[in-house]
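Working notes, structure below.
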Amino acid sequence: MRPPSHVTNVGPLVAVADELVERLARLEEQMRQVLTAVERLSNRDAELEASLRALADRFAAGLDAQAQTFRDSLRDVTEKFVSREDWAFWKSLLTAALLALIAYGWTTLISRRG
């Protein structure tokens, strides 16, 4: 007596099911490894961001200190080497030169139109 056909076809089905379970287990393990790698990368990203933020803060503080040093140095130079009379002279000279340029430009503009 022969067993029914659905019983004889079970062997290949079991093999396919076993193969599928094995592949799913490998896939699950690979996904765990991927999740671990992503977690490490996100932690590294946070570390890099904090490091870059600290570097930017130090750079800004250095620039502020440099600007203040420059302002102090410029103030010292102007107070030591330039008197108020010198400033008044140069201001008057520059104002006169600016007015002369405006007058020249105005007369040139009028003479070309006429």
Side-chain angles (χ1 to χ4, degrees):
M1 188 161 148
R2 281 178 88 185
S5 64
H6 68 279
V7 173
T8 57
N9 291 335
V10 172
L13 211 60
V14 170
V16 168
D18 288 344
E19 179 73 18
L20 182 63
V21 167
E22 185 180 324
R23 287 183 184 213
L24 285 174
R26 281 188 295 204
L27 182 62
E28 181 183 14
E29 182 60 30
Q30 290 172 351
M31 291 305 295
R32 283 189 186 135
Q33 290 173 3
V34 167
L35 286 175
T36 303
V38 167
E39 186 176 309
R40 279 191 218 133
L41 284 175
S42 68
N43 290 339
R44 184 66 180 148
D45 188 39
E47 291 172 10
L48 284 174
E49 183 179 348
S51 175
L52 286 175
R53 184 171 287 127
L55 182 64
D57 291 344
R58 285 196 313 265
F59 184 72
L63 281 180
D64 288 342
Q66 189 72 20
Q68 186 59 42
T69 302
F70 180 73
R71 285 191 290 270
D72 293 344
S73 175
L74 186 61
R75 188 178 313 114
D76 289 346
V77 167
T78 55
E79 288 174 359
K80 288 180 184 175
F81 295 111
V82 181
S83 66
R84 291 183 189 249
E85 294 81 24
D86 287 341
W87 279 116
F89 168 75
W90 287 110
K91 182 180 174 184
S92 299
L93 185 64
L94 288 172
T95 304
L98 182 62
L99 291 173
L101 283 171
I102 291 171
Y104 173 76
W106 185 254
T107 55
T108 304
L109 196 79
I110 291 174
S111 65
R112 286 188 180 169
R113 288 190 173 202

Between CG on residue Leu98 and CG on residue Leu93, distance to nearest 0.5 Å: 11.5 Å
What's the spacing between Leu27 CG and Arg23 CZ if we round to 0.5 Å? 11.0 Å
Do Ser51 side-chain atoms and Glu47 backbone N/O form a donor-acceptor pair below 3.5 Å? no
Arg32 CZ to Thr36 OG1 distance, which is reported to the nearest 0.5 Å: 9.5 Å
Can you establish whether the number of heavy atoms outside Arg40 located under 6.0 Å from its atom CZ is more than 12? no
Whether the side chain of Thr69 engages the backbone of Ala65 through a donor-acceptor N/O pair (distance < 3.5 Å, no angle test) should be reported. yes
Approximate separation, where rounding is to 0.5 Å, of Leu24 CG and Glu29 CD: 13.5 Å
Rounded to the nearest 0.5 Å, how far apart are CZ of Arg75 and CZ of Arg71? 8.0 Å
Any chance you could lay out the side chain to side chain contact (heavy atoms under 4.5 Å, CB included) test for Leu55 and Phe59, step after step, and finish with the verdict? CA-CA 6 Å; Leu55 182 64; Phe59 184 72; 5.6 Å; no
Can you confirm whether the side chains of Asp72 and Gln68 place a donor and an acceptor under 3.5 Å from each other? yes
In this structure, CG of Asp57 is separated from CG of Leu52 (nearest 0.5 Å) by 11.0 Å
